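A quick write-up on the structure given underneath.
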2 protein chains.
Amino acid sequence: MAPEERAAAILVKLRAQMAYAWDRAPFYREKWQGAGLEPGDIRTLEDFRRVPILTKEEIRADQAAHPPFGSYLCIAGGEVARVHGTSGTTGKPTAFAIGRDDWLRIRNAHARIMWSFGVRPADTLFIGSFFSLYMGSWGALAGAERLGMTAFPFGAGVPGQTKVAVRWIRDVKPTVFYGTPSYGLYLAEKAREEGMDPRRDFGFRILFFSGEPGAGIPATKRQIEETYGGLCVDTGSMAEMTPWMTNAECMHRTGMHLWQDLVYTELLDPETKAPVPSGGEGVPVYTHLERTSQPMIRYWSGDLATWTGEPCPCGRTYPRLPKGIYGRVDDMVIVRGANISPSAIEDTLRATPGFGGEFRVVITREEAMDHLVVQVEYAREVAAQAGRDGAILERLRKEMEERLRTVIGVWPTVSLLPPETLPRSEFKARRVIDNRDLFRSLRGGA
Amino acid sequence: MAPEERAAAILVKLRAQMAYAWDRAPFYREKWQGAGLEPGDIRTLEDFRRVPILTKEEIRADQAAHPPFGSYLCIAGGEVARVHGTSGTTGKPTAFAIGRDDWLRIRNAHARIMWSFGVRPADTLFIGSFFSLYMGSWGALAGAERLGMTAFPFGAGVPGQTKVAVRWIRDVKPTVFYGTPSYGLYLAEKAREEGMDPRRDFGFRILFFSGEPGAGIPATKRQIEETYGGLCVDTGSMAEMTPWMTNAECMHRTGMHLWQDLVYTELLDPETKAPVPSGGEGVPVYTHLERTSQPMIRYWSGDLATWTGEPCPCGRTYPRLPKGIYGRVDDMVIVRGANISPSAIEDTLRATPGFGGEFRVVITREEAMDHLVVQVEYAREVAAQAGRDGAILERLRKEMEERLRTVIGVWPTVSLLPPETLPRSEFKARRVIDNRDLFRSLRGGA
């Protein structure tokens with residue numbers, strides 16, 4: 001479709017989505033009234049830029065005030081088919097209530113998009129990511145069901161499970177893989193430890209990924225394609241935006257197409273919030289066009305990407321994110337599919353008796369898996385007690401690891417340091433050191 | 001329906017199922033030809049007793065000869081909707097290939113049966129069991145989807161996850177719980193550790209369980225009902241028999257009804273294989289009546305149960321297992337939902353260099369979770385080396401734990417003992433000591 005034709009179709013859906021949210025969600029009505037706007041004011045896509053940006057903080061505050069799903073839930077409780085959520089990285093998690101109709105639309109959207117990167121009904125999809133709150137696994141499964149292919153929802157995350165996974169993959173020979181890029185590489189390592197060669201003993205012809213940057217980064221893409229002998233496809237927007245596959249590479253892998261008629265995506269300047277022209281860098285801001293349960297309208301991702309309108313050999317005229325999503329405007333880091341905010345780590349440590357006041361987060365990649373190390377100073381009182389009670393440091397370390405795990409959703413390794421070991425700064429401290437090659441290759445050696 | 005009427009309906013389905021399997025599955029054709037039988041010979045339910053019993057060993061051998069799904073798979077690969085499997089307790093796991101039509105029938109059957117124990121579309125189901133190979137979680141989800149209720153498939157099994165679960169349960173207040181009985185009790189303990197009272201802070205009105213005995217044992221049922229203030233419902237046959245909910249208590253909780261028109265169940269004497277009369281104890285032997293992918297016909301469960309034809313207040317005329325499934329005829333033990341064979345443990349230990357020749361399995365319940373401790377003698381050579389190399393025992397212990405984990409599907413604790421510590425017997429050694437109250441209450445203090 002020509003971009004102008006598509007813009008007209010998008011506008012019709014956008015207006016309907018806004019009118020629907022205005023009618024059903026006190027949250028949106030108040031928000032837009034506060035900005036002096038109502039849905040009827042939006043007559044062009046330019047007008048749409050007057051709609052105020054929606055942030056994660058706002059929806060979290062609304063859920064706290066209207067538990068559990070917020071006053072932006074537009075359907076009755078009985079129409080909710082699924083409950084999922086975020087891992088609660090930055091304090092309280094966000095709860096998703098997905099309607100029955102939405103679930104069908106998600107299935108349809110994901111099936112179409114999986115088709116665009118080459119998945120067919122004769123394929124078997126191995127899902128190598130955790131089935132719980134995380135929408136990634138469930139979204140891949142929903143698409144597979146609708147596509148009429150064979151689904152092998154194996155999951156991930158339980159100690160020892162990957163060793164079992166490689167045997168099943170060797171025996172059943174699924175043809176498509178879904179997971180995070182770091183898990184894809186970890187799986188290959190485990191296979192080699194078991195004496196297998198993923199290229200020879202497995203049968204993956206397509207591997208698609210979400211949850212982390214990586215599959216869109218040339219060096220990592222090459223590594224995955226060489227390891228498995230299949231296509232590496234980058235996909236994914238955000239869990240809140242499910243159908244999250246509306247950002248997805250086609251089989252030509254020229255960067256993620258933005259399926260604008262399902263989720264309308266703008267790229268905005270992080271400071272001015274003005275639209276970024278083709279070729280520029282900005283923050284993707286997403287708007288659901290087909291969501292009746294918890295529609296997100298102008299949702300600020302906080303991610304960084306560049307976009308382009310250059311043609312793709314597949315013929316789709318959607319704009320693309322040629323380098324995928326490769327960074328954040330804030331200080332969030334993504335570790336094993338979870339968004340982790342250093343401020344959540346800070347809050348948790350400050351609430352733990354025995355914390356000495358300074359910390360540092362170091363992210364490394366060992367054996368292809370991300371590791372999160374939190375170096376923490378203990379308090380002077382703890383130092384004094386440690387002479388009498390040798391086990392106090394070990395107890396403090398465990399306590400901190402457990403508290404952090406509960407808040408950030410992944411197990412960190414806490415490494416305790418004596419008081420006043422870490423450097424102090426009068427400016428905003430740089431508390432995160434990301435040593436993963438994945439990120440180094442793009443950011444030039446942070 | 002009167003039992004005689006139902007028997008006539010069962011016979012029609014049974015004959016159709018056998019004719020279908022004969023046409024499509026070389027496995028069944030050969031097996032029955034070997035017994036001098038063909039489907040047309042079966043004119044009554046008494047005739048059906050001539051059909052040879054099917055064992056787990058047979059299907060495992062057939063899958064090894066015809067990988068990955070065996071020659072008893074009656075559909076083409078493209079018709080397979082789902083791949084799941086057993087955890088591979090006793091060596092190689094069994095792979096399930098479930099057809100698209102079967103998946104719809106499983107959804108229907110589970111929705112009907114969930115309705116029978118009181119679940120309604122307005123309910124929200126929290127699924128607190130692992131989403132991977134294990135059919136329990138997926139079967140509960142399939143039923144919930146068909147029933148049109150809200151599903152909250154939270155999963156279980158990842159370190160730290162239960163602490164997160166209790167917060168979500170408190171906030172979202174699901175009304176129905178599914179998991180294993182031991183996980184149900186563990187969850188309550190974790191809730192209390194977080195300062196919650198499951199009866200006050202949660203909202204479960206029905207809790208249904210499978211994967212382990214417990215929910216059918218009066219003391220445990222009482223404990224669960226008192227803990228949560230909701231009904232405790234026992235369900236479940238075997239993963240191979242999915243729809244596994246065809247053994248299920250109704251809301252009166254008088255023992256599991258056998259939904260004979262979906263899965264036809266006989267109760268046979270473990271030795272003579274003769275039918276056991278009402279009131280007697282025997283081994284449930286199952287036959288699918290509506291399965292087109294991998295039908296099981298006269299599948300020997302190896303479980304122990306009694307049955308009765310006494311009426312139930314619900315009015316259903318199905319026979320019941322008044323004490324549920326409470327034991328095994330072989331030496332298998334069920335720990336955290338996994339069937340564990342001492343012979344698999346033995347095989348694994350014998351293949352590990354450093355094993356001293358004798359072992360014992362002790363199962364305990366700590367904090368409501370089953371723990372599997374394997375006491376293992378190390379070899380004389382190891383004892384000799386341990387003087388020079390202090391770390392050798394620790395390495396051996398870890399090696400054994402990892403090997404066992406891979407084979408039996410749960411993490412054991414290996415406790416090493418010097419050579420010749422454990423008692424020897426010239427008879428079949430009693431190598432399993434089950435210290436869980438759950439089992440003690442029924443077996444009289446084993």
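Computed from a predicted model, the values in this text were never measured in an experiment. So you know, we letter chains A, B, ... as the sequences are listed, proteins then strands, and number each from 1.
Remark: of the listed residues B:Arg291, B:Gln294, B:Glu79, B:Arg291 is the sole one forming a side-chain contact (heavy atoms from CB on, under 4.5 Å) with B:Ile98.
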Q: With salt bridge (charged side-chain N to carboxylate O under 4.0 Å, His left out) as the test, would you mind laying out the steps for A:Glu401 and A:Arg397 before giving the verdict?
A: CA-CA 6 Å; A:Glu401 285 182 352; A:Arg397 195 181 63 72; 2.8 Å; yes
(Q) Walk me through whether B:Arg403 and B:Glu399 qualify under salt bridge (charged side-chain N to carboxylate O under 4.0 Å, His left out). (A) CA-CA 6 Å; B:Arg403 286 188 182 216; B:Glu399 169 79 17; 2.6 Å; yes
Q. So A:Val414 and A:Val373, side-chain contact (heavy atoms from CB on, under 4.5 Å) or not? Walk me through it.
A. CA-CA 6 Å; A:Val414 165; A:Val373 178; over 6 Å; no
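Taking 4.5 Å as the heavy-atom cut-off, the residues of residues 136-143 of chain B that approach chain A are B:Trp138, B:Leu141, ordered by number. Contacts of residues 159-167 of chain A with chain B at a heavy-atom distance below 4.5 Å involve A:Pro159, A:Gly160, A:Gln161, A:Lys163, A:Val164, A:Arg167, listed in sequence order.
Residue A:Ala122 does not touch chain B at all, counting heavy-atom pairs closer than 4.5 Å. For B:Arg82, the parts sitting under 4.5 Å from any heavy atom of chain A are the backbone and the side chain alike. Using a 4.5 Å cut-off between heavy atoms, B:Phe130 touches chain A through its side chain atoms alone.
In terms of heavy-atom pairs under 4.5 angstrom with chain B, the leader among A:Pro67, A:Gly148, A:Ser132, A:Gly155 is A:Ser132. Per-residue heavy-atom pair counts under 4.5 Å with chain B were compared for A:Val172, A:Leu133, A:Ile127, A:Asp171, and the maximum is reached by A:Leu133. Contacts with chain B were tallied for A:Val158, A:Thr124, A:Asp123; A:Val158 has the most, counting heavy-atom pairs under 4.5 Å. Among the candidates B:Pro153, B:Pro68, B:Gly78, the residue making the largest number of heavy-atom pairs closer than 4.5 Å to chain A is B:Pro153. Annotation: maximal heavy-atom pairing with chain A below 4.5 Å, among B:Tyr134, B:Trp103, B:Trp168, B:Phe152, occurs at B:Trp168.
Taking the six-membered ring where the residue is Trp, the centroids of B:Tyr178 and B:Trp244 are separated by under 6.0 Å.
Taking 4.0 Å as the cut-off between side-chain N and carboxylate O, A:Arg105 and A:Asp102 count as a salt-bridged pair. A salt bridge between A:Arg192 and A:Glu189 is absent, with no side-chain N of the basic residue lying under 4.0 Å from a carboxylate O of the acidic one.
The number of heavy-atom neighbours closer than 6.0 Å to CZ of A:Arg146, taken from other residues, nucleotides and ligands shown, is 12 or below. Counting non-hydrogen atoms of other residues, nucleotides and ligands closer than 6.0 Å to CZ of A:Arg100 gives a total above 12.
Of all the heavy atoms in B:Leu125 and B:Phe177, the pair that sits closest is CD1-C, 4.0 Å.
B:Asp101 and B:Thr292 share no donor-acceptor pair across their side chains, judged by distance under 3.5 Å alone. No side-chain donor-acceptor contact under 3.5 Å links A:Glu240 and A:Thr94.
Relative orientation of the A:Tyr186 and A:Tyr183 rings is tilted, given thresholds of 30° and 60° on the angle between their planes.
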